[in-house]
Number of protein chains: 2
Amino acid sequence: MEPLAFHHHDHSHCEGDVMHRAEALAKEQRLRLTPVRKRVLEILLEAHKAMGAYDVLQRLAAEGFGNQPPVAYRALEFLVEHGLAHRIRRLNAFTACMHPGEAHSPAFLICRQCDSVAEADAAGVRAALGASAEALGFTIERSNIEALGLCPACKTE
Amino acid sequence: MEPLAFHHHDHSHCEGDVMHRAEALAKEQRLRLTPVRKRVLEILLEAHKAMGAYDVLQRLAAEGFGNQPPVAYRALEFLVEHGLAHRIRRLNAFTACMHPGEAHSPAFLICRQCDSVAEADAAGVRAALGASAEALGFTIERSNIEALGLCPACKTE
DNA sequence: CTTGACTTGTGATATTATCACATATACGCC
DNA sequence: GGCGTATATGTGATAATATCACAAGTCAAG
């Protein structure tokens with residue numbers, strides 16, 4: 001898994017690229033990536049950071065979609081459900097998945113200064129967590145791993 | 001770190017024991033464990049599971065403390081700040097720390113069936129997470145690691 | 001072209017959390 | 001002990017986040 005955040009990169013390209021993969025994935029899995037859902041994913045990708053449901057809703061409403069909370073929440077729930085977006089509980093916010101398709105349940109690194117959110121490789125983390133849980137006889141089904149701190153860019157400023 | 005949850009144990013004793021350690025810790029660190037704060041900790045310990053701020057508030061109000069949200073939130077914030085309680089973001093809830101004093105920032109195992117919350121050893125998890133973060137130049141300051149699944153008791157039922 | 005499953009729009013409401021300001025209490029210092 | 005300051009609490013209002021319920025619309029299979 002390549003860490004996309006915290007590095008300079010062709011931003012518009014990364015949007016298109018991820019979007020492309022998301023659409024391919026949706027087709028492959030017979031997911032219905034409807035206009036609202038697709039637009040929400042685009043909005044998240046454009047923002048390139050975590051957005052609250054109401055921020056997303058505002059954008060949607062401005063574009064002629066419904067302006068009631070369920071419109072945003074339902075689309076976001078769909079995207080999260082199918083691995084196209086992630087929910088950042090610490091921020092009560094959502095962010096586009098940068099690695100759709102690649103089975104992963106990443107750890108999130110949240111910069112407290114610039115609010116950027118990066119997906120970090122969590123393979124080792126999950127292994128360790130699984131071991132701890134197993135020692136207690138607990139079976140993990142889903143998990144969220146979030147860290148708050150300073151990103152490299154903000155550290156040097 | 002001993003896993004207290006998921007095992008039968010002398011419940012009333014564990015309450016008193018943890019409370020005792022919390023008070024000792026407070027004295028040692030010159031923390032002001034005021035009546036509201038102490039009572040909130042007791043309530044969390046008695047419940048022995050995660051409680052929402054408004055649940056706590058209801059209990060407080062019934063006992064003559066203030067009945068406005070900040071009363072509960074302030075006490076809970078204090079307890080979390082000083083390691084006497086933990087915030088479970090997945091549940092928008094709080095739980096008493098079962099290991100006050102022992103420097104730890106545990107992983108939480110949340111049973112989706114019975115809503116019990118156990119603190120699991122997170123030393124390995126944090127090491128792995130720190131390694132992933134460091135690889136990206138990110139400095140972790142705080143983190144929350146939560147897993148949802150089935151506890152041993154609910155698995156066999 | 002009809003049925004049934006899924007999706008969206010909409011209004012209302014529930015739940016969680018914070019702000020602002022007045023009052024009261026505890027602590028350090030003299 | 002008395003004073004001044006920092007800290008804590010009470011209270012009303014409000015903000016931010018999330019869900020429910022139901023009607024209407026859309027899509028796809030048969």
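A note on names: the letters A, B, ... follow the listed sequences, proteins ahead of strands, and every chain is numbered from 1. Heavy-atom basis, side chains included; hydrogens, waters and symmetry copies ignored.
Checking B/Val36 against B/Asn92, the closest nucleotide of DNA chain D that is more toward the 5' end is the one next to B/Val36. Taking for each of B/Tyr73 and A/Arg37 the nucleotide of DNA chain C with the nearest heavy atom, the 5'-most of the two is the partner of A/Arg37. Remark on DNA chain D: of its neighbouring residues B/Arg32 and B/Asn67, the 5'-side contact belongs to B/Arg32, judged by nearest-heavy-atom nucleotide. Comparing B/Phe94 and A/Phe78 along DNA chain C, the residue whose closest nucleotide (by nearest heavy atom) sits nearer the 5' end is A/Phe78.
A 4.5 Å side-chain heavy-atom check between A/Arg87 and A/Arg89 finds at least one atom pair inside the cut-off.
Of all nucleotides listed (D/dT9, C/dT8, D/dA13), C/dT8 comes nearest to the side chain of A/Thr34. Nearest to the side-chain atoms of A/Pro70 among the listed nucleotides D/dA21, D/dC20, D/dA13 stands D/dC20. Residue A/Phe65 places its side chain closer to C/dG9 than to any other of D/dA18, D/dT11, C/dG9.
Not a single donor-acceptor pair under 3.5 Å links the side chain of B/Ser132 to the backbone N or O of B/Leu129.
Straight-line distance from the CZ atom of B/Arg90 to the P atom of D/dA18: 13 Å, rounded to whole Å. Rounded to a whole Å, the CZ atom of A/Arg74 is 11 Å from the C1' atom of D/dA21. Between the CG atom of B/Leu91 and the P atom of D/dT19 there is a distance of 13 Å, rounded to whole Å. Distance A/Glu63 CD to C/dG9 P: 12 Å, rounded to the nearest Å. Between A/Gln58 atom CD and D/dT17 atom C1' there is a gap of 15 Å when expressed in whole angstrom units. Taking atom CG of residue B/Asp55 and atom P of nucleotide C/dA14, one finds them 16 Å apart after rounding to whole Å. For the pair A/Leu76 CG and D/dT19 P, the computed distance is 11 Å after rounding to whole Å. Taking atom CD on B/Gln68 and atom P on D/dA13, their separation rounds to 9 Å, with Å as the unit.
Among all heavy-atom pairs drawn from A/Met98 and A/Leu45, the shortest one is CE-CD2, 3.8 Å. Here the closest non-hydrogen pair linking A/Ala53 and A/Ala72 is O-CB, 3.6 Å.
Remark: A/Arg59 engages A/Glu46 in a salt bridge, criterion side-chain N to carboxylate O under 4.0 Å. Look at B/Arg39 and B/Glu63 and you find a salt bridge, because one of the NZ, NE, NH1 or NH2 atoms lies within 4.0 Å of a carboxylate O, short of that distance.
For C/dA17, the base has a donor-acceptor partner in the side chain of B/Tyr54 [N/O atoms by modelled type, under 3.5 angstrom].
Side-chain rings of A/Phe108 and A/His86 approach one another, their centers coming within less than 6.0 Å.
Applying a 4.0 Å cut-off to non-hydrogen atoms, none of the residues of residues 82-89 of chain B approaches DNA chain D.
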